[in-house]
Amino acid sequence: MNKKGLTVTGKQRIAGWAFLTPASLLIFILSFYPMIQALLTSFKTGSSASLKWAPLFFNYKRMFADKLFLRSVGNTFLYLIIQVPVMLILAILLAQILNNKDIKFRGLFRTMVFLPCATSLVSYALIFKSLFATQGLINQILQGIGITHENINFLGTPGTAKVVIILALLWRWTGYNMVFYLAGLQNIEYQVYEAAKIDGANGWDTFWKITVPLLKPTIIMTFIMSINGTLQLFDESVNLTNGGPANSTITMSHYIYNNSFGEGVANFGYASAMSFFVFILVAILAFINLKVGDTRD
């Protein structure tokens, strides 16, 4: 103990709080305080200049009676159910392939797969929009190889427009998740695979009985992140299809934006209620994933 009566442990605690306090204040001011205000706003109604308290759960009841919002929920979950499993399976397979020491130019291939992730969200959406346009490259290729004989309006038909959004998401995010799996694979000792080969395990057995179990924490993490990102899907709906045709591809975040800013009506109370609905969905699905993936006794 020094002259001022502070021990070394006491000084360390003071130093720790001195470093934590500014960051904690910023997190509260920039994150938690806006969340609290948004929650309070979700119980109000009216325009942004004249918000007033609404009957209890008014916006939440309106939300479940809103057919367009329910359609946006259905669209978002369709993207989630199809795109997320396919993307993560592709990411694991690509990581497994590009982790092979015998492949030449591994660094180049890894960069090529990851490169779409570094592309601007708006830029890549516009690229896909031009590729799948009525006079776009995809139509020219399909007609050139004889699959079709006339232009297909990919972005003007509900079914094909959804397929384009899913393909865009796969192109954009598969490489991002592959990096996580690649990092996990590189932490697995190569001797484990050599021992499996000596014991007579083939590639399929090695993948399912060694690779997948050892990558389980990474798989859970990427699954939660992918669910979180897909439930908040916005850029593709806005930039690729603008929610069309006839709102058939609109997502929850896109509809929330429309109610806040996009349609000239600043209905912040209703938009806040929908935002908290998305927040609850993300929390529930993340909790389920953590529980399913938790193998501790």
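Residue indices begin at 1 and follow the sequence shown. Hydrogens, waters and symmetry mates play no part in the numbers below; they use all other heavy atoms, side chains included. If you're wondering where the values come from, they're calculated on a predicted model, not measured in any experiment.
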Parallel, tilted or perpendicular: rings of Tyr257 and Phe261 (30°, 60°):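 Because their plane-to-plane angle lies in the 30° to 60° range, the rings of Phe261 and Tyr257 count as tilted.
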[X] side, atom [atom1]; [Y] side, atom [atom2] - distance, nearest 0.5 Å:
| X | Y | atom1 | atom2 | value |
| --- | --- | --- | --- | --- |
| Lys44 | Asn59 | NZ | CG | 11.5 Å |
| Ile210 | Leu185 | CD1 | CG | 11.5 Å |
| Ile166 | Thr249 | CD1 | OG1 | 11.0 Å |
| Thr218 | Lys216 | OG1 | NZ | 12.5 Å |
| Asn177 | Met221 | CG | CE | 8.0 Å |
| Thr76 | Met252 | OG1 | CE | 4.0 Å |

Does [X] [atom1] have over 12 foreign heavy atoms under 6.0 Å away?
| X | atom1 | answer |
| --- | --- | --- |
| Phe277 | CZ | yes |
| Glu150 | CD | no |
| Trp53 | CH2 | yes |

Close side-chain approach of [X] to [Y], heavy-atom, < 4.5 Å:
| X | Y | result |
| --- | --- | --- |
| Phe207 | Ile92 | yes |
| Ile97 | Phe109 | no |
| Leu281 | Phe77 | yes |
| Asn151 | Gln143 | yes |
| Leu115 | Met112 | no |
| Leu98 | Met178 | yes |
| Asn139 | Phe154 | yes |
| Phe69 | Asn259 | no |

Worked check of side chain to side chain contact (heavy atoms under 4.5 Å, CB included) between Leu90 and Met87: CA-CA 5 Å; Leu90 285 175; Met87 175 184 65; 5.9 Å; no
Joint cluster assignment, [X] & [Y], ILVMFWY side-chain distance < 4.5 Å:
| X | Y | result |
| --- | --- | --- |
| Phe279 | Met274 | yes |
| Phe223 | Ile81 | no |
| Leu170 | Ile138 | yes |
| Val86 | Tyr181 | yes |
| Met225 | Ile284 | yes |

Keeping [X] on the side-chain end and [Y] on the backbone end, is there a donor-acceptor pair under 3.5 Å?
| X | Y | answer |
| --- | --- | --- |
| Ser130 | Ile127 | yes |
| Arg71 | Ile250 | no |
| Arg172 | Thr119 | yes |
| Asn100 | Gln96 | no |
| Thr222 | Ile219 | yes |
| Asn239 | Asp235 | yes |

Shortest non-hydrogen contact between [X] and [Y], atoms and distance:
| X | Y | answer |
| --- | --- | --- |
| Pro217 | Leu214 | CD-O, 3.8 Å |
| Ala168 | Tyr124 | O-CE1, 3.3 Å |
| Pro34 | Phe28 | CD-O, 4.1 Å |
| Ala271 | Ser260 | CB-OG, 3.1 Å |
| Leu240 | Lys129 | CD2-N, 3.5 Å |
| Asn75 | Ser248 | ND2-O, 3.0 Å |

Test side chain to side chain contact (heavy atoms under 4.5 Å, CB included) applied to Glu236 and Leu121, step by step: CA-CA 8 Å; Glu236 290 76 9; Leu121 288 168; 4.3 Å; yes
Aromatic ring proximity, centroids under 6.0 angstrom, Phe57 and Phe64: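 Between Phe64 and Phe57, the centre distance exceeds or equals 6.0 Å.
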Strictly by modelled atom types, are [X] and [Y] linked by a side-chain donor-acceptor pair under 3.5 Å?
| X | Y | answer |
| --- | --- | --- |
| Gln232 | Asn228 | yes |
| Thr251 | Tyr79 | no |
| Ser42 | Tyr60 | yes |

Side chain to side chain contact (heavy atoms under 4.5 Å, CB included) evaluation trace for Phe132 with Ile152: CA-CA 9 Å; Phe132 286 92; Ile152 300 173; over 6 Å; no
Audit row: Asp66, Leu70, side chain to side chain contact (heavy atoms under 4.5 Å, CB included) steps and yes/no: CA-CA 6 Å; Asp66 187 343; Leu70 295 178; 5.8 Å; no
